[in-house]
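Just so it is clear, the model here is predicted, and its values are computed rather than measured. Both backbone and side-chain heavy atoms feed into the values below; hydrogens, waters and symmetry mates do not.
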Amino acid sequence: MQLLSNIDFTRIILAIGCSVLFFLLLDKCLDPIFESIFPQSEQDYQEMIQSLIKSPMTSLIQVCVLAPIVEEILMRGVVLGGLKKSYGCVTALLISATLFAFLHFNMVQTLSAFVCGIVLGLLYIKKDSIFCCMLAHCGYNLISYIVMIYPHIK
């Protein structure tokens, strides 16, 4: 797995497009549905957001840079990349997306993360670029972070 291989203008634009798509599909469409189905999970999520607000710069680096990079290396690079050799793309994609979803430990995020994991997995399979997945994931988290956290920062 080479982190900085297969980078070109098309892949960068695709990654940015995925970031915006994730925000619109997940944060604006699916999450409100999941929040109404799992109110306790939504309450836990709001408590986590309040903790992020307390140290905005530290949480920005953790949520928008470190977590996406580590998660993509692990889920797409190691899990998906390793499993697809032995089990094929579909099985590897489903397993890696499921594991990615469980990493989020919150039903609202877990369901959205599964969808995100499928799309990021397809992006990895089709474009053979872990960097593309990292950029899409970082971008999505950054858009969500700005929308959720920035209005509360004084």
Side-chain angles (χ1 to χ4, degrees), residues 1 3-80 93-127 129-154:
M1 166 185 46
L3 297 181
L4 300 177
S5 66
N6 295 330
I7 300 172
D8 59 25
F9 182 74
T10 304
R11 285 180 173 88
I12 291 170
I13 295 301
L14 184 59
I16 293 169
C18 282
S19 299
V20 173
L21 172 71
F22 289 149
F23 176 73
L24 295 174
L25 175 66
L26 302 177
D27 289 24
K28 296 299 178 190
C29 293
L30 295 180
D31 284 357
I33 296 167
F34 298 150
E35 289 165 2
S36 66
I37 296 171
F38 302 103
Q40 181 60 50
S41 182
E42 170 57 12
Q43 183 179 344
D44 295 343
Y45 184 64
Q46 291 304 319
E47 289 172 11
M48 184 215 28
I49 288 170
Q50 293 304 313
S51 71
L52 295 175
I53 292 168
K54 293 176 184 174
S55 3
M57 290 311 295
T58 302
S59 64
L60 174 75
I61 293 167
Q62 290 173 335
V63 170
C64 301
V65 179
L66 297 177
I69 290 172
V70 170
E71 288 173 1
E72 290 311 312
I73 291 170
L74 180 63
M75 291 295 109
R76 259 50 77 190
V78 175
V79 175
L80 178 57
L93 180 63
L94 292 172
I95 291 170
S96 68
T98 301
L99 291 174
F100 180 67
F102 287 140
L103 274 177
H104 290 81
F105 301 111
N106 175 302
M107 279 310 291
V108 172
Q109 285 184 297
T110 297
L111 296 169
S112 291
F114 180 77
V115 173
C116 192
I118 293 290
V119 175
L120 288 169
L122 290 170
L123 186 63
Y124 179 70
I125 290 167
K126 296 295 182 187
K127 295 299 175 184
S129 173
I130 195 79
F131 176 80
C132 197
C133 296
M134 286 184 218
L135 184 60
H137 193 159
C138 288
Y140 167 53
N141 284 14
L142 180 62
I143 295 167
S144 295
Y145 183 89
I146 290 169
V147 169
M148 302 272 300
I149 306 296
Y150 185 75
H152 300 288
I153 298 173
K154 296 173 174 111

Once you round to the nearest 0.5 Å, how far does [atom1] of [X] lie from [atom2] of [Y]?
X	Y	atom1	atom2	result
Leu25	Cys116	CG	SG	9.5 Å
Leu120	Cys18	CG	SG	7.0 Å
Leu123	Ile130	CG	CD1	9.5 Å
Thr98	Leu103	OG1	CG	11.0 Å
Asp44	Gln109	CG	CD	10.0 Å
Ile69	Met134	CD1	CE	6.0 Å

- Could you tell me whether the side chains of Ser59 and Tyr145 share a donor-acceptor contact shorter than 3.5 Å? yes

- Item | Pair Gln46, Glu42: side-chain N/O donor-acceptor within cut-off below 3.5 Å | yes

- Query: Which residues satisfy the ring pair (Phe, Tyr, Trp, His ring centres under 6.0 Å) test with Phe22, sequence neighbours excluded?
  - Reply: Tyr140

- Item | Main-chain N/O of Thr58 paired to Ser55 side chain as donor or acceptor, under 3.5 Å | no

- Query: Would a distance-only check, ignoring hydrogens and angles, find a side-chain to backbone donor-acceptor pair under 3.5 Å from Ser41 to Met107?
  - Reply: yes

- Note on the structure: Quick note, ring pair (Phe, Tyr, Trp, His ring centres under 6.0 Å) partners involving residues 96-118, not counting sequence neighbours, are Phe100-His104, Phe100-His137

- Partner of Leu24 under side-chain contact (heavy atoms from CB on, under 4.5 Å), chosen from Leu21, Leu26, Val20: Val20

- Checking side chain to side chain contact (heavy atoms under 4.5 Å, CB included) for the pair Leu60/Leu142: CA distance, chi angles, key distance, verdict? CA-CA 8 Å; Leu60 174 75; Leu142 180 62; 3.8 Å; yes

- Message: With side chain to side chain contact (heavy atoms under 4.5 Å, CB included) as the criterion, how do Ser112 and Phe34 come out once you've worked through the C-alpha distance, each side chain's angles and the decisive distance to 0.1 Å?
- Response: CA-CA 9 Å; Ser112 291; Phe34 298 150; 3.9 Å; yes

- Query: Would you say the side chain of Leu111 lies within less than 4.5 Å of the side chain of Leu30, judging by non-hydrogen atoms?
  - Reply: no

- Message: Can you confirm whether Leu94 sits close enough to Ile118 that some side-chain heavy atom of one is under 4.5 Å from a side-chain heavy atom of the other?
- Response: yes

So which atom in [X] and which in [Y] form the shortest heavy-atom distance, rounded to 0.1 Å?
X	Y	answer
Gly139	Ser19	CA-OG, 3.4 Å
Val108	Phe38	CG2-O, 4.3 Å
Ala113	Ala101	CB-CA, 3.7 Å
Leu93	Gly121	CD1-CA, 3.4 Å
Arg76	Cys133	CG-SG, 4.0 Å
Ala15	Cys132	CB-O, 3.4 Å

- Item | Residue pairs passing the salt bridge (Lys or Arg N to Asp or Glu O under 4.0 Å) test where at least one lies in residues 8-36, sequence neighbours excluded | Asp8-Arg11

- Message: Run the side chain to side chain contact (heavy atoms under 4.5 Å, CB included) test on Ser144 and Phe23 for me, step by step, so that the C-alpha distance in whole Å, both residues' side-chain angles and the decisive distance to 0.1 Å come before the verdict.
- Response: CA-CA 7 Å; Ser144 295; Phe23 176 73; 3.9 Å; yes

- Show the numbers, then the answer: is there a side chain to side chain contact (heavy atoms under 4.5 Å, CB included) between Leu80 and Met75? CA-CA 6 Å; Leu80 178 57; Met75 291 295 109; over 6 Å; no

